[in-house]
Amino acid sequence: MRYRQLGSTGPAVSAIGLGCMGMSDGYGPPRPEDRAESVATIQAALDAGINLLDTGDFYGSGHNEMLVGEALKGRRRDQAILSVKFGVLRDPDGGLNGIDNRPVALRNFIAYSLKRLGVDYVDVYRPARLDPAVPIEDTIGAIADLVKGGYVRHIALSEVRAETIRRAAAVHPIVDLQIGYSLLERRLEGELLDACRALGIAVTAYGVLARGLLGGHLDSNLPPEDYRNFSARFRGNNLRNNLDLSERLRGVATPLRATPAQAAIAWVGAQGRDIIPLIGARSRSRLAEALGSVDLELTESDISHLSATVPDGAAGGDPFPAHQRHAGTDA
């Protein structure tokens, strides 16, 4: 495994991180028989040198944190860099019910996260989305108090614009911005990335395979609860257009002796040492494939070829369901 610095003030993290959300949420409810494979996948990632594990207290309404905690049992605490998002409210039916980034709320959230994860501190703590009712300075200041108390090591952000990043960094050092970034989703590029780099803030990129569109393994029979069923990007002509882009990507990846997924992940990682792709592997087989991207050395010509093959703006349809498009984000 290769390692990179998470911002100018953060820890050393693996060149790819494991995003654990899909083991609990988003792609249909997890089956009881999936639990053992999920735990085994997290442990295999740790054994392979991946130390960055990304989760959220609202993923599966706590299910994901308990899953990560189970995988960590019996291991050294310093083997994992735990990145936790908070602030998204859920209802008993699993629906989203708003954002709460009040200081009193996040102190409650961290207490439950520590218990579910089975740890004394989390390495990176971040609001999952902006709360329009709470100034970002108040939220960051409250997390800074948790840093002083030893419950949190580093502070990060997710899905916010450049102005918000600068306001947050004026209160406390920020180690990274988490945002969707892939060949099909490049809104990071430009002002956002410039602001991060000016402040020594890294980027953890989720959705590097565009929710499966670029991985070459998309199953057309999605579970009814899979959120992709409600995204225009996965329907009708949009889906046909996007799968065609995936096949074009395969045509570029094959001469590189890589799979489409490996090429897509490597492209994200090649955009700078301050950008760490988060892979959403839910099985050991998908994890093994993703690990192959770490040793895939792309030349400038390869990067340009990939960028031109899947050009910015080529994707058909919005990646998010309409009701979630701007929920809690100012990015």
Do [X] and [Y] come within less than 4.5 Å of each other through their side chains, counting heavy atoms only?
X: Ile275; Y: Thr204; answer: no
X: Asn108; Y: Val104; answer: no
X: Ile50; Y: Leu46; answer: no
X: Ile99; Y: Phe86; answer: no
X: Leu82; Y: Val124; answer: no
X: Val203; Y: Leu192; answer: no
X: Arg153; Y: Tyr125; answer: no
X: Asp25; Y: Arg90; answer: yes

Of all the heavy-atom pairs spanning [X] and [Y], show the shortest one and how long it is.
X: Asp123; Y: Ala80; result: OD2-O, 3.4 Å
X: Glu65; Y: Ser113; result: OE2-OG, 2.6 Å
X: Ser158; Y: Pro127; result: CB-O, 3.5 Å
X: Leu296; Y: Gln262; result: CD2-O, 3.7 Å
X: Leu130; Y: Pro132; result: O-CD, 3.4 Å
X: Leu199; Y: Ile165; result: CD1-CG2, 3.9 Å

Is there a path of hydrophobic side-chain contacts, each under 4.5 Å between heavy atoms, that joins [X] and [Y]?
X: Ile174; Y: Tyr121; value: no
X: Ile140; Y: Val134; value: no
X: Leu306; Y: Leu243; value: yes
X: Val171; Y: Val160; value: yes
X: Val252; Y: Leu214; value: yes

| field | Derivation of the salt bridge (Lys or Arg N to Asp or Glu O under 4.0 Å) call for Asp176 and Arg126 | value | CA-CA 9 Å; Asp176 80 275; Arg126 76 182 81 230; 2.8 Å; yes

Return yes if some donor-acceptor pair links the side-chain N/O of [X] with the main-chain N/O of [Y] below 3.5 Å, else return no.
X: Ser293; Y: Ile265; answer: no
X: Thr254; Y: Gly251; answer: no
X: Gln43; Y: Ala71; answer: yes

Listed partners of [X] passing side chain to side chain donor-acceptor pair (under 3.5 Å), at least two apart:
X: Arg166; answer: none
X: Tyr181; answer: Glu189
X: Thr299; answer: Asp302

Quick check: are there more than 12 heavy atoms from other residues, nucleotides or ligands sitting under 6.0 Å from [atom1] of [X]?
X: Phe109; atom1: CZ; value: yes
X: His63; atom1: NE2; value: yes
X: Asp91; atom1: CG; value: yes
X: Tyr3; atom1: OH; value: yes

Which atom pairs, one a donor and one an acceptor, fall under 3.5 Å between side chains of residues 52-59 and the rest of the protein, sequence neighbours left out?
| from | atom 1 | to | atom 2 | distance (Å) |
| --- | --- | --- | --- | --- |
| Asp54 | OD1 | Ser83 | OG | 3.1 |
| Asp54 | OD1 | Lys85 | NZ | 3.3 |
| Asp54 | OD1 | Gln178 | NE2 | 2.9 |
| Asp54 | OD2 | Lys85 | NZ | 2.5 |
| Thr55 | OG1 | Asn64 | OD1 | 2.6 |
| Tyr59 | OH | Lys85 | NZ | 3.0 |

Is it true that [X] and [Y] make a salt bridge, defined as a side-chain N closer than 4.0 Å to a carboxylate O?
X: Arg282; Y: Asp34; value: no
X: Glu191; Y: Arg161; value: no
X: Asp100; Y: Arg129; value: no
X: Glu185; Y: Arg187; value: yes

| Can you list the steps and then say if Glu37 with Ser283 is a side-chain hydrogen bond (donor to acceptor under 3.5 Å, both in side chains)? | CA-CA 6 Å; Glu37 181 61 24; Ser283 67; 4.9 Å; no

Listed by chain and number, what are the salt bridge (charged side-chain N to carboxylate O under 4.0 Å, His left out) partners of [X], not counting sequence neighbours?
X: Asp244; answer: Arg248
X: Asp145; answer: none
X: Arg286; answer: none
X: Asp93; answer: none

| request: Carefully, step by step, assess Asp47 and Arg284 under the rule salt bridge (Lys or Arg N to Asp or Glu O under 4.0 Å). | output: CA-CA 12 Å; Asp47 291 340; Arg284 283 169 286 181; over 6 Å; no

[X]: what forms a side-chain contact (heavy atoms from CB on, under 4.5 Å) with it, not counting sequence neighbours?
X: Ser38; value: Met23, Leu67
X: Val294; value: Met1, Arg2, Ile16
X: Ile303; value: Trp267, Ala270, Gln271, Leu298, Glu300, Ser307
X: Ala288; value: none

| field | side-chain contact (heavy atoms from CB on, under 4.5 Å) evaluation trace for Val175 with Ile155 | value | CA-CA 6 Å; Val175 292; Ile155 304 177; over 6 Å; no

| Tyr206 six-ring centre to Arg211 NZ/CZ under 6.0 Å and within 45° of normal |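 Ring-cation test returns no.
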
| field | Spatial distance of atom CG (Asp274) from atom OG (Ser8) [nearest 0.5 Å] | value |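 Between atom CG of Asp274 and atom OG of Ser8 there are 10.5 Å.
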
| query | How many angstroms lie between atom CD1 of Ile143 and atom NE2 of His172, to the nearest 0.5 angstrom? | reply |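 Spacing of CD1 (Ile143) from NE2 (His172) equals 9.5 Å.
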
| request: Report the C-alpha separation of Leu18 and Leu278 in whole Å, then their side-chain angles, then the decisive distance to 0.1 Å, and conclude whether the side-chain contact (heavy atoms from CB on, under 4.5 Å) test is met. | output: CA-CA 5 Å; Leu18 181 64; Leu278 296 175; over 6 Å; no

| field | Stepwise salt bridge (Lys or Arg N to Asp or Glu O under 4.0 Å) check, Arg35 with Glu70 | value | CA-CA 10 Å; Arg35 190 176 191 92; Glu70 183 177 340; 2.8 Å; yes

